[in-house]
Amino acid sequence: MSTQSAPSGGNNFLRNLIREQIDSGEHQGEVVTRFPPEPNGYLHIGHAKSICLNFGLAEHFGGRCRLRFDDTNPEKENQEYIDSIQSDVTWLGFEWDGPVRYASDYFDDLYALAQQLIETGLAYVDEQSSEQARENRGDWNTPGTDSPFRDRPPAESLDLLARMKAGEFDEGSCSLRAKIDMRAGNMNLRDPVMYRIRKAAHHQTGDKWCIYPSYDFAHGQSDALEGVTHSICTLEFEDHRPLYEWFVANLTLPASPRQYEFGRLNLNYTVTSKRKLKLLVDEGHVDGWDDPRMPTLAGIRRRGYTPAAIRNFCDTIGVSRSDGVIDAGLLENAVRDDLNEHAPRAMCVLDPLKLVITNYPEDGVEWLAAPGHPNSDAFESRQLPFTRELWIEAEDFREEANKKYKRLVLGKRVRLRNAYVIEAEDVVRDEAGEIVAVHCRYDPDTLGDNPADGIKPKGVIHWVSATHGRTATVRLYDRLFADENPGRGDVGEMLAGLNPASLDVRENCPIEPGLASARPEDRFQFERIGYFVADRYDHGPNHPVFNRTVALRDTWGKSGD
RNA sequence: UGGGGCGUAGCCAAGUGGUAAGGCAUCGGGUUUUGAUCCCGUGUACCGCAGGUUCGAAUCCUGCCGCCCCAGCCA
């Protein structure tokens, strides 16, 4: 794992605002934030932005950031998600303050707060069905109408709530609602539901409850009970803020947290909707939540991305209240930057073509030293076996080519990376006329030197010994979606946008021998190809498996040849 | 047609009355045993539009346009 820490980053509206608050003594200068995922899916790259923001703000101002599961909907949540979320946050390099928390830790407190609100005449048990309630809520152009149960005596609501809790009523038969304003322009204020009946076991509280608090009632109060000062969420919760504030104002609470919103991350060529990601998994379009093509943190990790790259990425894109779409290339750039600096170099051939050095002894072997990194001597150098027969990349040879082609051409010279200069002299074909080998001669005086005639070969190609190399399975991943905006429409549109070439598995790719001893999650740059990671699960010494994280930047490929 | 937001170069994004940061992308050039990296250079941004206030406005006011979110007993 990279040890590079994310840069401190630039300013954003939240940093400025908190700075001002600290100057004016608000919250006694304290900054307490929280990352509040619902454990109903795996974390994705969008969550990384929120994580970096919440933990980053706390870190920047010497505050604290907690991890709190927003677990108020047991039917969609489970332990697997809880485990994965904790592991992802930890992997990103953040440490939450104190124990892992759950909104369900406060179910007793929340229940008492609900009773308090009933007693002050600000909440009531509504016996309308959800359908009736929906009809009476009205719409944007029609004010809602009060529930017939709206003005029932507190004692009656108190009793009914107790019986809801005791399991006396069916799901959907009644709910506890805050008494605010059925004619409010903001729909969230039209007597929002605080408790609904769900006869489902909860992953944390088991069968203790059959009524569960809604997000709006649970979230802000959990913040208050925990002493959170800055409750940061995404823009779509903006019109929940008046409700958030209404609860804080009308309840007796130990603190007055405030909500702030920022624009969620949108990345092109991908989807960041938990529902859609879950569908990709459930329908088998990918091999699980941690498929290296998934934008989940687990997937991105398996793809070979580093925590530092993700943190740098989040830092680069900034935080604001406008909703934009970030180019996926920026994320790719972030890993390239990190891996270029931290990944040792190695050689691997994806599409092997035999190269025979006719003037090299039949069983000759030389172990050539090659640097681990071209721009840093902090990397251990490696030994490469050089032999008469080598594998080179099929696309690195042409019988003839124009001047722009800088690789091996018949009658021309090229440098073998970390080794000698060779000149191609002949080609061997099979019955079908396909080239099966290239014959060449090498210049023994060119190890670390230019040819005696002073003419430097224009190109350099990579290679692996055909007799001493090992082989590996190499998985070439590309973007999961070919469609730039696969999340725009319905599920059908999303599936239509899948990239059919998102995975290209190459078996038996020659690799330099040292690569076989890589450990899972070791990262490398396969020179001239891209960055690769030994698969976290499938890689082993007897069966090396590498995943392509991202290809090298290729300015030549763009302009063609 | 209700409520809430957002609009600064191709993409992000600073900037809150004094005359437009930065990053990425792009396009040039240099170095290079990775067509990588690295280095240097490269942008006339009608600051959404139209008015107004002011000596002076991206920043204040008015009107308009465009885009996003909200009618779950989901979060």
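Chain A is the first sequence line, chain B the second, and so forth, proteins listed ahead of strands; every chain is numbered from 1. Given the structure is predicted, the values throughout are model-derived calculations rather than measurements.
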Below 4.0 angstrom from OP1 or OP2 of [N], is there any side-chain N or O of [X]?
| X | N | answer |
| --- | --- | --- |
| A:Arg553 | B:U26 | yes |
| A:Asn40 | B:C74 | no |
| A:Arg196 | B:A75 | yes |
| A:Arg137 | B:G72 | yes |
| A:Thr72 | B:A75 | yes |
| A:Arg264 | B:C68 | no |
| A:Arg336 | B:A36 | no |

Could you say whether A:Arg321 or A:Ala419 is positioned toward the 5' end of RNA chain B, judged by the nucleotide with the nearest heavy atom to each?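 The residue whose closest nucleotide sits nearer the 5' end is A:Arg321.
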Residue whose closest nucleotide on RNA chain B lies nearer the 5' end, A:Arg415 versus A:Phe13: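 The answer here is A:Phe13.
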Of all the nucleotides listed ([options]), which has the minimum atom distance to the side chain of [X]?
| X | options | result |
| --- | --- | --- |
| A:Arg198 | B:C70, B:C73, B:A75 | B:C73 |
| A:Ser320 | B:G2, B:G35, B:A14 | B:A14 |
| A:Asn16 | B:C70, B:G35, B:G15 | B:G15 |
| A:Ser322 | B:G15, B:G35, B:C6 | B:C6 |

Of the options A:Tyr102, A:Phe107, A:Phe69, which is the one that meets A:His202 in a ring pair (Phe, Tyr, Trp, His ring centres under 6.0 Å)?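 Exactly one option meets the ring pair (Phe, Tyr, Trp, His ring centres under 6.0 Å) with A:His202, and it is A:Phe107.
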Would you kindly check whether a donor in the side chain of [X] faces an acceptor in the base of [N], or vice versa, at under 3.5 angstrom?
| X | N | value |
| --- | --- | --- |
| A:Arg134 | B:G72 | no |
| A:Arg345 | B:U34 | yes |
| A:Glu341 | B:U37 | no |

Reference residue A:Arg413; test side chain to side chain donor-acceptor pair (under 3.5 Å); the match among A:Asp443, A:Asp453, A:Thr446: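 Testing A:Arg413 for a side chain to side chain donor-acceptor pair (under 3.5 Å) against A:Asp443, A:Asp453, A:Thr446 leaves exactly one candidate, A:Asp453.
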With centres under 5.5 Å and planes under 30° as the test, does A:Trp140 stack with B:G2?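 Yes, A:Trp140 stacks on the base of B:G2, since the ring centres sit under 5.5 Å apart and the planes are within 30°.
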Could you let me know what [N] is paired to, Watson-Crick or G-U wobble, both distances under 3.5 Å, or none if it's on its own?
| N | result |
| --- | --- |
| B:U16 | none |
| B:C46 | none |
| B:C67 | B:G5 |

Tell me what A:Asn418 touches on the nucleic acid: a base, only sugar-phosphate, or nothing, going by heavy atoms under 4.0 Å.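 Base contact.
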Rounded to whole angstrom units, what separation is found between the CD atom of A:Glu238 and the P atom of B:G2?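 Checked: the CD to P distance equals 18 Å.
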Please state whether the rings of A:Tyr442 and A:Tyr420 are parallel, tilted or perpendicular, taking 30° and 60° as the class boundaries.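 Ring orientation of A:Tyr442 relative to A:Tyr420: perpendicular.
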Which word best sums up how the rings of A:Tyr244 and A:His219 line up, parallel for under 30°, tilted for 30 to 60°, or perpendicular for over 60°?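 Aromatic pair A:Tyr244/A:His219 classed tilted.
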Salt bridge between A:Arg150 and A:Asp191, side-chain N to carboxylate O under 4.0 Å?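 Salt bridge between A:Arg150 and A:Asp191, a charged N being under 4.0 Å from a carboxylate O: yes.
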Any ion pair linking A:Lys278 and A:Asp282 (charged N to carboxylate O, less than 4.0 Å)?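 So A:Asp282 pairs with A:Lys278 through a salt bridge.
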Pick the C1' atom in B:U59 and in B:G52, then give their distance to the nearest Å.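 The answer is 15 Å between these two C1' atoms.
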